[in-house]
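I am attaching a structure below and will ask some questions about it afterwards.
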4 protein chains.
Amino acid sequence: MSLRVLVWNEGVHEANGSPANIAEYYPEGMHGAIAAGLRRLLPDAQVTTATLADPEHGLSEEVLAGTDVILWWGHVAHDQVDDAVVERVKEHVLAGTGLLVLHSGHFSKIFRSLLGTTCSLAWRNEGEQELVWTVKPSHPIAAGIPHPLVIPRQEMYGELFDIPDPDDLVFISSFAGGEVFRSGVTFTRGKGRIFYFSPGDQEYPVYQQAEIQQVLANGVRWAAPAPGDRQVPGVTNPPRQWLL
Amino acid sequence: MSLRVLVWNEGVHEANGSPANIAEYYPEGMHGAIAAGLRRLLPDAQVTTATLADPEHGLSEEVLAGTDVILWWGHVAHDQVDDAVVERVKEHVLAGTGLLVLHSGHFSKIFRSLLGTTCSLAWRNEGEQELVWTVKPSHPIAAGIPHPLVIPRQEMYGELFDIPDPDDLVFISSFAGGEVFRSGVTFTRGKGRIFYFSPGDQEYPVYQQAEIQQVLANGVRWAAPAPGDRQVPGVTNPPRQWLL
Amino acid sequence: MSLRVLVWNEGVHEANGSPANIAEYYPEGMHGAIAAGLRRLLPDAQVTTATLADPEHGLSEEVLAGTDVILWWGHVAHDQVDDAVVERVKEHVLAGTGLLVLHSGHFSKIFRSLLGTTCSLAWRNEGEQELVWTVKPSHPIAAGIPHPLVIPRQEMYGELFDIPDPDDLVFISSFAGGEVFRSGVTFTRGKGRIFYFSPGDQEYPVYQQAEIQQVLANGVRWAAPAPGDRQVPGVTNPPRQWLL
Amino acid sequence: MSLRVLVWNEGVHEANGSPANIAEYYPEGMHGAIAAGLRRLLPDAQVTTATLADPEHGLSEEVLAGTDVILWWGHVAHDQVDDAVVERVKEHVLAGTGLLVLHSGHFSKIFRSLLGTTCSLAWRNEGEQELVWTVKPSHPIAAGIPHPLVIPRQEMYGELFDIPDPDDLVFISSFAGGEVFRSGVTFTRGKGRIFYFSPGDQEYPVYQQAEIQQVLANGVRWAAPAPGDRQVPGVTNPPRQWLL
């Protein structure tokens, strides 16, 4: 069965035409650009999109039951995401659905709920050059990515990034102003694999950059669950002799 | 300044006299036994106790502001812990207060909120022998602990224990029935250090055992924050030239 | 290009017919049984074998240059493996070749050289039941493996296993005598992925067990390097302006 | 008993008066400056020094048996360190002696032997500003260290730093040229705690900087072993009934 990928974007910047250049950089929305990149690089995958404005934010139980990996982009509307939907997404992640959290999604309800920390960071939006350095070249997410990956103009995200120690630290970024950021980190929660990747912003055409699309495609492949049951880990009460 | 330690116990088993032998094993409650062990091993520490029945569960802002390390025991009354109090404790942990979560506290609101997973596990209460093996002997929490530490009778907790990868795996337990459990694990959330230790139960005199008390004292010392600010990590927006 | 897998076995137990039942359990040698399992489960892979008695132990530069993943079984002849060959294998692992180290291979020169510790452990050979518990169900090596995997008779390996903290702890075993062991652990060294798996012994038909073969096949797939350069990480001396 | 600290420096730059300004920056040698900083910040510790030119490089069995933590600085004379001495130091580290490896010590025999990788990196010596960012503020080594710690002029060390995943990543540095480096990392090998810290060079007065001295003092305290046996982990062969 082919990989089923859902690109979720709150879609508010696009709907409001703010910033002004978003329609130029992302005529189909950021989710459209991300989905197009995935379709190019993962031709066998079924890639769909959903936004906040959709019924149940496009994240109904039926949709989630048919999804292997979710990408999540949010920024100005984190609080408008319904708590029940967040809880539903969390259940699916704990049961094995992969999750890629992008850029300002660090403050999304789903990410903070899975990580348990504030996920706060330093930021500055002056269009600085970002250099994305690979520090774990054996990781599948780093396959084929230049060292460094150069993003000409980008918002700065800097340490301290208040996250738990990641399972794997794949990328560290530096910015023209001197800050550093753990820009590519993986986590496991329940049976679900999570990849946070910080590059990408509504003001810059980062998601149109081929190397960025490659990172996302690598991330989707890595986060996809193995075939098998998709149950949230649960309590069991085995009898004593079952193994003897 | 001496270390300020707060032993929190829901105290419901003790109040209800259930199980019947709890008053025999723990005449001052489990919190009383734990506190006594800490006072013996950490004579310079100020050790106090609090329970669910206290106003604000004994976890007012004033109390928390004067606490360096909290130990948490809960079982049948997790749901009765007020969400606002849990949020307050979480803020303090993220700001640096140490937290030791004990035994059935794996299902407490505070632990699940900090870890982001279900924290579910396998269990069986037949008074089996538990062997606690040290797998990271360099860790301060393992200092002076026998290998294995033998607990004559104890509830079985078994894998799969649905937790994120810990920062450090200090102890692994086996049970007479053949199960294994990651029984001593550490985490960091924000500036706070967290140690989960599974031995200990309302039906067995585990907290009266000297080696168990030593583990808890080691854990308290390890989890205590360094002197310095006790602020939750927050967002900053530094100007570009600040470092040049 | 198909995956190229080399199963290396010192082959001394087989050559000496010791223990007596080895020819019964492993008529083609342990390497033969392991290779057969891999061919069954990875039909597209090219699986070959080599032993200590082969010229250059079957690990010439030419062979290694054509290998993606090596499995390593050794026991009584670790010291007879030529240091130059060990160094050659190490170079290839650091450059990206995957390595699975099996059972008594914990004391091989290649494993100790890559890990930096003594790799010592507790052991007892009385044919005890081993239970292999999955503690990271999201890991590809655990896909499709029962929880627990039951090995009816096996040598006991117990903690303290003197290894560095692994990247991932996939399996923990318990034994009838009460010991525990981190029986499935992964490491990264250079660009190479390493998986140590403790079940398997010259006295028991462990490598004939289908679930064990599945673990090894999963491990081979996981350890295989991504396409790309196969250079050992090296020193560079970049000019200052290269990124500006 | 007070903490016994040994600062080891190859001492070749000092002996050769190369670079020319080394006598100005380090009139007592780099080891002298490091030792002075430790004596200031750890007044109860016994701090001694040794160099390559001393008999047995000042690392006799008797000296090592009386040492709790070793700091190691080497650069141009790694190959002149006797293999037998390296093996002796390694035995002591595996048995619990703490080890701080400094700057160009990344290529020392002892560090590479304990880590198992090439420890190669990128470098450029143009006196760039280095910013040392704390990414794990709860770690004792980060206590009291500014964020960032600013080093006005320093050699650049950049990724890829070919090391295994550290136990803890405490500091990440950026350089004026845009590179990043995992500049403060911890490892465990056997019972020994290891801290690698990259700032410090024979051409710049980095070890005279108070914040750098604080990092080293924190590192020494963290790496010091708990009281108890100082035996290398060894093989045991326990009988089956010992625990029953």
With chain D as the partner chain, list the residues of residues 206-219 of chain B whose heavy atoms fall under 4.5 Å from it, by residue number, and write 'none' if nothing qualifies. none
Tell me, side chain or backbone of Pro225(B) under 4.5 Å from chain D's heavy atoms, or both, or neither? neither
Is chain B contacted by the side chain of Asp229(D), its backbone, both, or neither, given a heavy-atom distance below 4.5 Å? neither
Let me confirm one number: the NE2-CZ distance from His139(D) to Arg193(B), rounded to the nearest 0.5 Å. 6.5 Å
Out of Gly228(B), Pro140(B), Ala226(B), which one racks up the most heavy-atom pairs below 4.5 Å with chain D? Pro140(B)
How long is the gap from OG1 on Thr188(B) to CG on Asp168(D), to the nearest 0.5 Å? 7.0 Å
The reported gap from OG in Ser138(B) to CG in Leu94(D) (rounded to nearest 0.5 angstrom) is 11.5 Å
